[in-house]
Amino acid sequence: MAPKPRVRFAPSPTGELHVGNARTALFNWMFARHFGGEFILRIEDTDESRSALSYQLNLIDDLKWLGMDWDEGPQKEGAYGPYKQSQRLNIYEDHLQKLIATDKVYPCYCTEEELEEERQSLILSKRMPRYMGKCRNLSPDERKAREEQGRKHSYRFKVPHLTVEFDDLIRGAMKFEGEAIGDFIIVRSNGMPAYNFAVVIDDHLMAITHVIRGEDHLSNTALQIMLYRAFGFESPTFAHHCLILGKDRSKLSKRHGSVSVGEFRKQGILPEALINYLGLLGSSFTEGREVLSREEMIAAFSLERASKSGAIFDEEKLHWLNAIYIRNCENEDFIKRLFPFLQQAGYQPDKLDAQWLKNVIDTVKNDLIKLTDIGGHIRFFFDEQYELTDAAKEILATEGARKVVTTFGEYLAAAQGLPKDLYAGAIKYVKEKTGVKGKELFMPIRAALTGVVHGPELDRVFEVLGKEKAAKRLQQYNK
RNA sequence: GGUCCCAUCGUCUAGUGGUUAGGACGCUGGCCUCUCACGCCGGAGACCGGGGUUCAACUCCCCGUGGGACUACCA
């Protein structure tokens, strides 16, 4: 790789950022960073009816959240802009003129209804539905006649009937037969450029060296290479990675559940975890390591280690990674990230004592899978949410258990000191006085103190709860 | 239907002619432990089928089969 590579991520702002697209972005980003090249963000918004600025903003926000920075693109203009296709219309027009001048294209006057009819009849006769070239050989007079009828026209590319071969960095030698491809539209009748036309021009003008994208674009590559040749442009190197699949092995889509970066973000998946998982999925450049930082992934990245077959999205593994990242998260930073989730769970973190909240979070942090889990894990620290579950009631139903609890309360009522010492003292006292130890000793105390039978270590819980709250909760058994 | 791509445990993958087919998630047994989790130690679990090539195929070739993508005036 002699010169610095230039790669791009070119989403169309027609919906939320899909994890599959995020993975494509990640591959491009890692590739650029690994080789010290440039990562460009280009917005492909030539479909005016489906594109929306809000999606574009959303997409940019998600990319930033994931920690992928671009060297050129929206909000970071560079030497090859503009980076939004709707602002490059004059460029496409100029290039169309070049193809007209060299007789590589022709106007097509067919209406969508006519095309649909042709397609259906081809399907019925069991032939490949493709454009048969009806308008390809129209005489000047025939064209004039159609113009006079006021018919709009698109422009189609005269597909040369030769085979197109190229070397895919991930898949190796690829070969497509031109015979099977119908003349495709490069400029729509509304004057907007079609996808295959615009990408070729942009990738060339933006000096893109490597096109890394999903396998769903594999067959488009043949068409694009034809255009590169028609313009006399040099083709970039292509690399088509596999797609992310749903449980049924079809392309991951909304019907499979959560698929957008935004959704995972709302669920409290950490960006580090998502990025890490997306890097792991369908590739093996990490060489057996599973938990890697962005930097480690960049260092290890290799396109050649991307797998060729589709990979099923495994939310369980994502969760496993997320839990690891939560555990490893710096406390200060973690609480900040947790704020919106605390609010969503009905708490008012800004009105709580900061140090106390920190202690609360510290004690439950290791039990969280997702940030949205927080509510359920901290509820017993709040009096208004404290209540006994059936399991806890059962534990406390025995005479021995009540004795343990009342004895514990007895000690608390009399003793003074730091919570930590109080707890140790109380446990020792109860042990001596009742002779109970182990499960019979701790479970009743846990049940009475927290109302539930699972949770963090009891000494931690007691410390955070403090003497007042603990004593109050035990009081009801002191009858 | 056509073009193209793909094929190792349930899932993500390692493996590049000779391995007890390795790891991770999940599942599971045990240890740790007041509980859950974490952690640690174990277990079950895979080379789609058939032909070749070869002394030897998971690995190379062919044919099936299966899955997928594309087949738009969407990208």
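Residue numbers start from 1 in every chain, and the chains themselves are labelled A, B, ... in the order their sequence lines are given, proteins ahead of strands. No hydrogens, no waters, no symmetry mates; every other heavy atom, side chains included, goes into these values. In this text, all values refer to a predicted model and were calculated from it rather than measured experimentally.
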Stepwise side-chain hydrogen bond (donor to acceptor under 3.5 Å, both in side chains) test for Asp202(A) and Gln85(A): CA-CA 8 Å; Asp202(A) 288 343; Gln85(A) 290 189 326; 2.8 Å; yes
Sugar-phosphate, base or nothing in reach of Arg42(A), heavy atoms under 4.0 Å: nothing
Pairwise C1' distance, G67(B) and U54(B) [rounded to whole Å]: 31 Å
Where chain A begins and ends its contact with RNA chain B, read 5' to 3' at 4.0 Å from heavy atoms: G1(B) to A75(B)
Residues which pass side-chain contact (heavy atoms from CB on, under 4.5 Å) with Ser284(A), listed by chain and number, not counting sequence neighbours: Arg305(A)
Set of ring-ring contact (aromatic ring centres under 6.0 Å, His included) partners for Phe334(A), sequence neighbours left out: none
Complement of A56(B), any strand, by Watson-Crick or G-U distances under 3.5 angstrom: none
Phe301(A)-Phe27(A) aromatic ring centre distance below 6.0 Å: yes
Identity of whatever pairs with U65(B) - Watson-Crick or G-U, under 3.5 angstrom: A7(B)
Touch class at under 4.0 angstrom, heavy-atom based, for Glu440(A) against every strand present: nothing
C1' spacing across the pair C41(B) / C32(B), given as an integer number of angstrom: 11 Å
Side-chain H-bond candidate by donor/acceptor type, Gln267(A) with Ser258(A), under 3.5 Å: yes
Sugar-phosphate, base or nothing in reach of Met192(A), heavy atoms under 4.0 Å: nothing
Rounded P spacing from G49(B) to C9(B) in Å: 11 Å
Any-strand Watson-Crick or G-U partner of A44(B), both distances under 3.5 Å: none
Base partner of A72(B), which must satisfy Watson-Crick or wobble distances under 3.5 Å: none
Complementary nucleotide of U33(B), counting Watson-Crick and G-U pairs under 3.5 Å: none
Rounded P spacing from C31(B) to A37(B) in Å: 14 Å
Sugar-phosphate, base or nothing in reach of Asn196(A), heavy atoms under 4.0 Å: nothing
With sequence neighbours excluded, residues passing ring-ring contact (aromatic ring centres under 6.0 Å, His included) with Phe197(A): none
Touch class at under 4.0 angstrom, heavy-atom based, for Lys251(A) against every strand present: sugar-phosphate
Gap in Å between the two P atoms, one belonging to G26(B) and one to U11(B), rounded: 16 Å
Interatomic distance at P, A7(B) relative to A44(B), whole Å: 28 Å
Touch class at under 4.0 angstrom, heavy-atom based, for Glu112(A) against every strand present: base
Sugar-phosphate only, base, or nothing, as touched by Ser49(A) at under 4.0 Å among non-hydrogen atoms: nothing
Sugar-phosphate, base or nothing in reach of Leu243(A), heavy atoms under 4.0 Å: sugar-phosphate
Sugar-phosphate, base or nothing in reach of Arg289(A), heavy atoms under 4.0 Å: nothing
Contact list for residues 436-465 of chain A, test side-chain hydrogen bond (donor to acceptor under 3.5 Å, both in side chains), sequence neighbours left out: none
Touch class at under 4.0 angstrom, heavy-atom based, for Ile312(A) against every strand present: sugar-phosphate
Asn366(A) vs Asp47(A), nearer the 5' end of RNA chain B by closest nucleotide: Asn366(A)
Sugar-phosphate, base or nothing in reach of Arg130(A), heavy atoms under 4.0 Å: nothing
Residue whose closest nucleotide on RNA chain B lies nearer the 5' end, Glu290(A) versus Phe313(A): Phe313(A)
Non-neighbouring partners of Phe231(A) that pass ring-ring contact (aromatic ring centres under 6.0 Å, His included), sequence neighbours left out: His95(A), Phe233(A)
Pair Thr221(A)-Arg213(A), side-chain donor/acceptor within less than 3.5 Å: yes
Touch class at under 4.0 angstrom, heavy-atom based, for His217(A) against every strand present: base
C1' gap between U20(B) and C62(B), integer Å: 32 Å
Touch class at under 4.0 angstrom, heavy-atom based, for Ser12(A) against every strand present: sugar-phosphate
Sugar-phosphate, base or nothing in reach of Leu458(A), heavy atoms under 4.0 Å: base
C38(B) versus A57(B) - spacing of their C1' atoms, nearest Å: 43 Å
